Amino acid sequence: MEQKEFEKEQAHLTEVYDKLLAMEKDLEERIRALDAVAIEDKNDIRDNMRFDYADDETTMETLAEIEVWNRYIDTYNVESDSLGRTLRTVRKLLEAPYFAEIKLQFDPSEEPESYYIGREGIMENGVSPLIIDWRSPVAEVYYNQESGRTHYMVEDRRIDVDLKLRRQFDIEKNRLISCFDTGIAIEDPMLLRSLSQTHSDKMQAITVTIQKEQNTVIRYPDVPVLLVDGIAGSGKTSVLLQRIAYLFYRKRKDLRPDQVCLMTLNPVFRSYIDEVLPDMGETNPLTITWQEFLRMLRVPAAGSADGGPDDPSDGEEPRSSKEVVTDRLQKIREGLPQLKPEAGDFFDINQKNKPVMKAKEILAAVNEFSQFPFGKRLIQTTADELEHRAKNRLHRMAEEQETDNDTDAVIGAAEERRLENDYGGAIRNIRKYAWINVKRVAQRILGTDHISETEWLFTMLELTGFCDLNMRYVMIDEVQDYTRAQLEVLRKYYPNAHFMLLGDEFQSIREGTVSFAEIEEMTGEDKKQFVSLPLMTSYRSSPEITALFAALLPEEKKLMVNSVRRPGEQTTIKVCKTEEEYRTELINLIEDFEKEDGLTGIICRNADHLKCIRALLKKKAPVTVSGQDALPKKGAFFIELALAKGLEFDRVILPDADSETYPDDRLGMHCLYTAISRATRRLAIIAEKEVTKLLDP
């Protein structure tokens, strides 16, 4: 770019920055003034309001006056919140006002118009856009990377434009560091610069460098099930977070953070991504792991991660996830209406260890509605009856009076509230269906004592109809690690939600998990319910590392993979003849890698291998990242493969790359593919005596 053009852009940046500074000052003054008025009015309320409840008429006047003042205070709060949000936006933009410019010509007879794109948008004088939000419809033209005649969509309306200029900026506050005019992704200087940076303990937003195939996913129309099938390093998780931010922007009037659930792998990964959405000015949604989801619904532990046939960690012969669903969940679904309730299917209802209702009494109540089959209609009807009986019985207990006809007792509103406060435990247990022995019901249907947590929860949902009708979006990262049974449960518990599923079938590192064909099958025959989008470009790894993990893929998939990064260092594969040679080589590798900035992950296949290698290294062993830890900010660390999924490190060492650890079979290939693809710059593979046959030339 010519110096004159660069100076022109610097002048524009200075002008925009000065306007933002003026906005910041104005907003701070308005907030201070508003706070002062609010304090004055609150003092006036305190000094002048009379709280007179002498009779009904004066009580009504007092309550009316309180309501008027409450409305005044609410008005202050709404205005203060609005000003505060705008101030936070301005301060965020002062860090780097914008990152791109597009120049569009809407009509050949008119001059082109320039739009500057930032992480958030701001209006000048409340009328014209000073900076447009990256999620706005017109910004799609920038991400589509199509020079010349193109278009963007506003709702369902197509806007045709001529893209005259697509310019990128590297900006720090009011200083323009560099700028580029660019067209296609492979020539994207900002992307290549971003990819060359070292990694930290936190994922960064990719707003500035979103590529065309990623933008397609982020802005895809709302559909019931959107499956993103992406290779390792294609930015699936980043795209997921950008889409959440996009949905919040497009549905900002009616979509709240509590209506979005993000299912994530583990607490390590949650910590890794927890700054991305706040950096874009959005609140993190409910972000939970599968185990936290089970605890949230009070599912009793079954002795293992999921404890049953849908999780092979319990030592049973693994079966496909489809077999689990058809053989067990389907059996629960079909067998429940045929089951005749028994007293053992219910628990006593107690209040602070005092019996309120025995299991036999509950069975009697259930049998009063025997016209309904065992299922949610019967259970919900019985729950209403049990609550009515329990309240009358608790009322009698509270009054310490005996009555022969507790069901005819009349409880007023005040007494209702008192019972809720004093005896809420029993009432809550009725409403939460804690009186149902779900495990025994499932055992009777399945004919086995072993009930997994997923089967327990599925039975509970079938019995009670309990669900979350508020949730509108459920996002599942690394979906290939879930069983079909788990997805069935999530779909049943969140019946109103649209699902976005992201994963890579070749990163499935345990048996019995769902296939992408099964996910499509689950959506039914209506093809409009399901859309699958590919991400086939690796932005994470160097071409050398990408070639190594791509070589493990089937031929048809391998041909589709490409890397946009510049060439790096060749990977090293070392086979050591003795344990001492192995120990020395590993220590040297760790020390060599730690000389460089960024993160070095020493990825072990499982906890046993990690423990043995640490014992061999003794005091030379780096720290270990466990399931509850955050990543260190720099340096080398040990981590299990299961915890490393979804993460990326500047350098990776695989210290247990032998044939026993990574056997020449489907699961071994998946694990090795996953481990190798965590590396972005350098990769060292080391084994004692022999290396896995998967890496044979």
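Values below: every heavy atom of this structure, side chains too, minus hydrogens, waters and symmetry copies. Note that the coordinates shown come from a computational prediction; the quantities given were computed from them, not determined experimentally.
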Grab the two heavy atoms, one from Cys261 and one from Met471, that are nearest each other, plus how far apart they are. N-SD, 3.5 Å
Pairs involving residues 355-366, ordered by first then second residue, that meet side-chain hydrogen bond (donor to acceptor under 3.5 Å, both in side chains) (sequence neighbours left out): Glu361-Arg393
Could you tell me whether the side chain of Phe293 reaches within less than 4.5 Å of the side chain of Val299, counting heavy atoms only? no
I'd like a table of donor-acceptor pairs (distance under 3.5 Å, sequence neighbours excluded) in which one partner is a side-chain atom from residues 370-380, with atom names and distances.
residue	atom	partner	partner atom	Å
Ser370	OG	Asn367	O	3.4
Gln380	NE2	Thr464	O	2.8

Residues in salt bridge (charged side-chain N to carboxylate O under 4.0 Å, His left out) with Asp481, at least two apart? Lys645
Any side-chain heavy-atom pair of Ile362 and Met357 under 4.5 Å: yes
Set of side chain to side chain donor-acceptor pair (under 3.5 Å) partners for Arg270, sequence neighbours left out: Glu292
So, the side chain of Arg484 versus the backbone of Val514: is there a donor-acceptor pair under 3.5 Å, distance only? no
Does a donor on one side chain and an acceptor on the other come within less than 3.5 Å for Tyr473 and Asp222? yes
Determine whether a donor-acceptor pair (N or O, by modelled atom type, separation under 3.5 Å) exists between the side chain of His670 and the backbone of Ile509. no
Can you tell which of Lys439, Lys331, Arg328 makes a salt bridge (Lys or Arg N to Asp or Glu O under 4.0 Å) with Glu455? Arg328
So Val479 and Ile519, do their side chains get closer than 4.5 Å, heavy atoms only? yes
Is Glu453 reaching over with its side chain to a backbone N or O of Leu294, donor-acceptor style, under 3.5 angstrom? no
Main chain of Phe506, side chain of Asp504: is a donor-acceptor contact present, judged purely on distance under 3.5 Å? yes
Does a side-chain heavy-atom distance below 4.5 Å link Val356 with Asn350? no
Determine, step by step, whether Phe347 and Asn429 satisfy the side-chain contact (heavy atoms from CB on, under 4.5 Å) criterion, reporting the C-alpha distance in whole Å, the side-chain angles of both residues, the deciding distance to 0.1 Å, and the verdict. CA-CA 10 Å; Phe347 294 120; Asn429 283 338; over 6 Å; no
Do Gln507 and Lys236 have side chains that approach each other closer than 4.5 Å (heavy atoms only, starting at C-beta)? yes
Return the orientation label for the Phe466 and Tyr493 ring planes: parallel under 30°, perpendicular over 60°, tilted otherwise. tilted
Counting only N and O atoms by type, is there a donor-acceptor contact under 3.5 Å from the side chain of Thr523 to the main-chain atoms of Glu520? yes
Examine the side chains of Thr264 and Thr287 and answer whether a donor and an acceptor come within less than 3.5 Å of each other. no
Going through the distances and angles, do Val260 and Met500 end up as a side-chain contact (heavy atoms from CB on, under 4.5 Å)? CA-CA 11 Å; Val260 179; Met500 182 179 182; over 6 Å; no
Without swapping roles, check the side chain of Asp468 against the backbone of Tyr494 for a donor-acceptor pair under 3.5 Å. no
Quick one: does Asn284's side chain get under 4.5 Å of Leu262's, heavy atoms only? no
Return yes if a side-chain donor-acceptor contact under 3.5 Å exists between Ser515 and Glu518, otherwise no. yes
Among side-chain atoms of Arg440 and Gln443, is any donor-acceptor pair under 3.5 angstrom? no
Checking side-chain contact (heavy atoms from CB on, under 4.5 Å) for the pair Leu363/Glu342: CA distance, chi angles, key distance, verdict? CA-CA 7 Å; Leu363 176 62; Glu342 298 176 353; 5.5 Å; no
State, yes or no, whether a side-chain contact exists between Thr283 and Phe248 at a heavy-atom distance under 4.5 Å. no
Are Arg243 and Tyr246 in a cation-pi setup, meaning NZ or CZ lies under 6.0 angstrom from the ring centre and within 45 degrees of the ring axis? no
Is there a donor-acceptor contact under 3.5 Å from the side chain of Trp435 to the main chain of Ile430? yes
Run Glu488 and Lys492 through salt bridge (charged side-chain N to carboxylate O under 4.0 Å, His left out) and show every step you take. CA-CA 6 Å; Glu488 289 278 8; Lys492 194 170 190 64; over 6 Å; no
Just by distance, do the side chain of Gln486 and the backbone of Thr483 share a donor-acceptor pair under 3.5 Å? yes
Has Ser82 got a side-chain atom pairing as donor or acceptor with Val78's backbone, closer than 3.5 angstrom? no
Under the rule for side chain to side chain donor-acceptor pair (under 3.5 Å), what residues qualify as partners of Arg614, not counting sequence neighbours? Thr624
Please test Glu387 against Arg428 for salt bridge (charged side-chain N to carboxylate O under 4.0 Å, His left out), starting from the C-alpha separation and ending with a verdict. CA-CA 9 Å; Glu387 183 172 342; Arg428 282 193 298 273; over 6 Å; no
Pair Glu282 + Arg256: basic N to acidic O under 4.0 Å: no
Donor-acceptor contact present, side-chain Arg491 to main-chain Met522, <3.5 Å: yes
Under the rule for side chain to side chain donor-acceptor pair (under 3.5 Å), what residues qualify as partners of Gln259, not counting sequence neighbours? Asn470
Going by heavy atoms in the side chains, are Val438 and Ile451 under 4.5 Å from each other? no
Pair Glu478-Gln480, side-chain donor/acceptor within less than 3.5 Å: yes
